[in-house]
Enquirer: 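I have a structure I would like to understand better, so I am pasting it below and will then ask my questions one at a time.
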Amino acid sequence: MDVSRRRFLERAAVAAALGLSGPPSPLRGYGEARLRAQARQTAPPQVADLHLVNGRFHTMDAATRVVSQVWIRNGRFAGVGNNLSTQGNPRRVDLRGRTVIPGIVDAHNHIVLVGNRPGWNTPLEHVFTIEDCVAALKARANGVPAGEMITCVGPLAAMQFAGNRLPNLTELDAVPRPVYLQAAQGGTRTNAEGKKWLEARGVTVAADGAITGQATGQALQTLRKELLTAETRKRSAADALQYYATLGITTHRDSGAFHADAPAPGIASENTYTMHEPFLALMREGRLAARLRFDFLHQDSPKADPPLPTLSDRLKNSFPFFGNDWIRTGGIGEFTGGGLDGLRAIARAGWRGEDHSLSLQNATQLIAARETVNKEIPIGGLRWIISHIPAFSSELADRANALGIGVLVGWGPTRTGTNVGPPYRMLMRHAIRKAFHSDGGDITVINPWLNFSTMITGRNLAGDPILGDQTLTRQETLWLATAATKWFIWEDDLGSIEVGNHADLAVLDRDYFTVPDDQIKRVRSVMTVVGGKVVHNEV
């Protein structure tokens, strides 16, 4: 038996042990019909049927219908409309006029990094005053053993608070546990107990609890070395997914990390070969609160010898779109690695590829490289992606669209400056495929409502105007985060409330479509359903 065949069978056996579905063929042109068939073959979840009534369900279907009822059977929408007739004995829930939307799909974030944080990781993207931040940490302390570290590494930005600052040592001392906050943007802080813990391990902490410079990396690396175990990673992963379920996210497409074999000082670093393990463990236990789609980030140098040292092995020994309805692999990204040779290898293997852009010059270079590869290996059916695009012209959109490339937009709440993009309005008028992503978890926030607020008002979290005339309507914004994502995750039975689709939805605590602009960032879900499974409920 040759090596490649043996590796295929070994990985198929591992997948079977994890409860994953059989591997699809990694051939080019893996189409929507085949993906849909694979989804249908998955055994229906063992969940109670639901009949949700007296709601305002914004279906985000092609007709943009708003209906009052849905019937969920075997984890899928069996009826969508008004005055529905049901079969069996579904549990009836009166939503008392609440607004309901399809489950939000974040088509590119770094949820796996958030799920591998040390300590009792506590995302804080829903609080907007120092007092509320401290109150949330105090509430968390009620369930944390004395002396154990409460952390927030990533899902927090100083811009959420007046004065663009994090709580200081004195303010954090109100929390009766050691506290360590490392914001996606805005610095690092601890309290007296945390200061004592870190200084005992050689980390320099200022009198006000600030940790700066190389000490920040040393602090995070120390926390990782001492506090990360298989069980604490699983706890953080479960907590992260549950937190974002309270904000209405039902599907995350994770876009990887910078590889580190051992605990690293960088906030965006993890072991890319083991970091998915806590999520796989939760899946085996039936404890996932959201769907996960994993992409694989590669950064091989174009000058590497031998060429493509990591990407080559990934393409030979892994499979795209391999898994089940809860966890499935995706493509290569958010970096493809290896320059033109890397793109050629990805195209030949029939994988989706994604790179991010941070400037117009960079975006132009990315499109030109793909045009070069497309002349040799057509990429039109592979749904390649360019993400972030703070600057992007209509001419580039024409060229990308001609190649079959889509763009992901978002990542705005913590940006500063003026007219810093993306050019939402231009893109909405263009035929190019586009959808929402937060890129959050390490350098910015994941909370979709913070992102939506910026897309609609044109203002960042500090209230500064950053988008000029490129703002969107509320309907357009929600469409980008729901129905528009189908193409990007290559699944057409998510993102809208329609008969036959997976029953993913969020019941909101206020009417997103009518509340004042300053309330958009405060929207949250009071009931989140994933595949008919109620993963969060305050109704």
Side-chain angles (χ1 to χ4, degrees), residues 24 28-39 59-64 101-109 249-255 291-295 320-321 323 325 328-334 346-347 350-357 366-367 370 374 378-389 392 396-410 422 424 426-439 448 455 472 475-498 500-502 504:
R28 299 186 77 253
Y30 195 84
E32 291 182 20
R34 188 167 185 179
L35 281 169
R36 187 162 56 249
Q38 174 181 296
T59 63
M60 304 308 293
D61 66 7
T64 64
I101 62 171
I104 293 169
V105 178
D106 190 337
H108 167 144
N109 66 22
I249 302 179
T250 56
T251 301
H252 301 262
R253 187 172 75 89
D254 182 79
S255 293
R291 304 181 192 280
L292 296 167
R293 304 297 181 253
F294 298 138
D295 275 17
F321 311 114
D325 285 335
R328 185 172 294 138
T329 63
I332 304 299
E334 69 183 274
I346 293 166
W351 282 61
R352 180 179 64 209
E354 176 182 0
D355 278 291
H356 83 209
S357 165
L366 293 175
I367 296 299
R370 282 146 181 77
N374 188 62
I379 64 173
L382 298 180
R383 303 193 185 189
W384 284 14
I385 299 167
I386 296 177
S387 51
H388 306 352
I389 59 167
F392 209 70
L396 273 187
D398 290 341
R399 290 166 60 184
N401 191 46
L403 291 169
I405 289 173
V407 292
L408 289 173
V409 293
Y424 295 109
M426 180 276 284
L427 292 168
M428 286 301 297
R429 292 171 178 151
H430 199 281
I432 192 171
R433 299 278 186 171
K434 55 263 178 183
F436 164 77
H437 76 318
S438 71
D439 193 36
M455 295 161 74
L472 299 178
Q475 180 78 11
E476 289 168 336
T477 298
L478 186 63
W479 176 79
L480 286 172
T482 54
T485 64
K486 296 171 185 283
W487 186 88
F488 290 83
I489 59 172
W490 218 315
E491 297 174 56
D492 62 359
D493 52 2
L494 298 177
S496 58
I497 299 174
E498 300 182 75
N501 282 5
H502 287 294
D504 297 359

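All values below come from the heavy atoms of this structure, side chains included, with hydrogens, waters and symmetry mates left out.
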Enquirer: Between D493 and K486, is a salt bridge (charged side-chain N to carboxylate O under 4.0 Å, His left out) present by the stated rule, with each step listed?
Expert: CA-CA 8 Å; D493 52 2; K486 296 171 185 283; over 6 Å; no
Enquirer: State which residues pass side-chain contact (heavy atoms from CB on, under 4.5 Å) with A63; sequence neighbours excluded, sorted by chain then number.
Expert: D61, R65
Enquirer: For residues F488 and I385, determine if any side-chain heavy atom of one lies less than 4.5 Å from a side-chain heavy atom of the other.
Expert: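 A side-chain contact under 4.5 Å exists here.
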Enquirer: Quick one, I379 and I346 - any side-chain contact, counting heavy atoms below 4.5 Å?
Expert: no
Enquirer: Might you point out which heavy atoms bring I101 and I497 nearest each other, and give the distance in Å?
Expert: C-CD1, 3.9 Å
Enquirer: If you compare all heavy atoms of D325 against all heavy atoms of R293, which two are closest, and at what distance to 0.1 Å?
Expert: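 Taking D325 first and R293 second, the nearest heavy atoms are O-NH2, 2.8 Å.
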Enquirer: Quick one: does W487's side chain get under 4.5 Å of K434's, heavy atoms only?
Expert: no
Enquirer: Is the backbone N or O of T251 less than 3.5 Å from a side-chain atom of R291, with the two atoms forming a donor-acceptor pair by type?
Expert: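 Pair absent, no side-chain N/O of R291 close to backbone of T251.
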Enquirer: Hey, which of I367, L366, I432, I405 is the one that makes side chain to side chain contact (heavy atoms under 4.5 Å, CB included) with L396?
Expert: I367
Enquirer: If you compare all heavy atoms of M455 against all heavy atoms of F436, which two are closest, and at what distance to 0.1 Å?
Expert: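 Nearest pair, atom of M455 first, then F436: SD-CD1, 4.0 Å.
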Enquirer: Just how far is it from atom CG of L403 to atom CH2 of W384, taken to the nearest 0.5 Å?
Expert: 9.5 Å
Enquirer: Please determine whether side chain to side chain contact (heavy atoms under 4.5 Å, CB included) holds for the pair V105 and H252, giving the CA-CA distance in whole Å, both sets of side-chain angles, and the decisive distance to 0.1 Å.
Expert: CA-CA 6 Å; V105 178; H252 301 262; over 6 Å; no
Enquirer: Hey, mind stepping through H388 and E334 against side chain to side chain donor-acceptor pair (under 3.5 Å) and telling me if it holds?
Expert: CA-CA 10 Å; H388 306 352; E334 69 183 274; 3.3 Å; yes
Enquirer: Side chains of D106 and N109: is there a donor and an acceptor less than 3.5 Å apart?
Expert: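 Yes, N109 and D106 have a side-chain donor paired with an acceptor closer than 3.5 Å.
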Enquirer: Check I249 against P448 and note the closest heavy-atom contact, atom names and distance.
Expert: CD1-CD, 3.7 Å
Enquirer: Among T485, T59, N501, T64, which residue satisfies the side chain to side chain donor-acceptor pair (under 3.5 Å) criterion with S496?
Expert: N501
Enquirer: Applying ring pair (Phe, Tyr, Trp, His ring centres under 6.0 Å), name anything that partners H430, two or more places apart in sequence or on another chain.
Expert: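 H430: no ring pair (Phe, Tyr, Trp, His ring centres under 6.0 Å) contacts found.
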Enquirer: Do E491 and I489 make a side-chain contact, defined as non-hydrogen atoms from C-beta onward lying under 4.5 Å apart?
Expert: yes
Enquirer: Under the side-chain contact (heavy atoms from CB on, under 4.5 Å) rule, collect the residues that match up with S387, sequence neighbours excluded.
Expert: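 By the side-chain contact (heavy atoms from CB on, under 4.5 Å) rule, S387 matches H108, E354, H356, L408, H437.
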Enquirer: Any idea which heavy atoms bring S357 and I386 closest together, and the distance?
Expert: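 So the two residues come closest at CB-CG2, 4.0 Å.
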Enquirer: Apply side chain to side chain contact (heavy atoms under 4.5 Å, CB included) to the pair R429 and Y424, showing each step before the final yes or no.
Expert: CA-CA 9 Å; R429 292 171 178 151; Y424 295 109; over 6 Å; no
Enquirer: Return the minimal non-hydrogen interatomic distance between S255 and D295, and the atom names on each side.
Expert: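 Minimum heavy-atom contact is CA-CB, 4.4 Å.
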Enquirer: Kindly indicate whether a cation-pi arrangement holds for R352 with W490, taking the cut-offs as under 6.0 Å to the six-membered ring centre and within 45° of the axis.
Expert: no
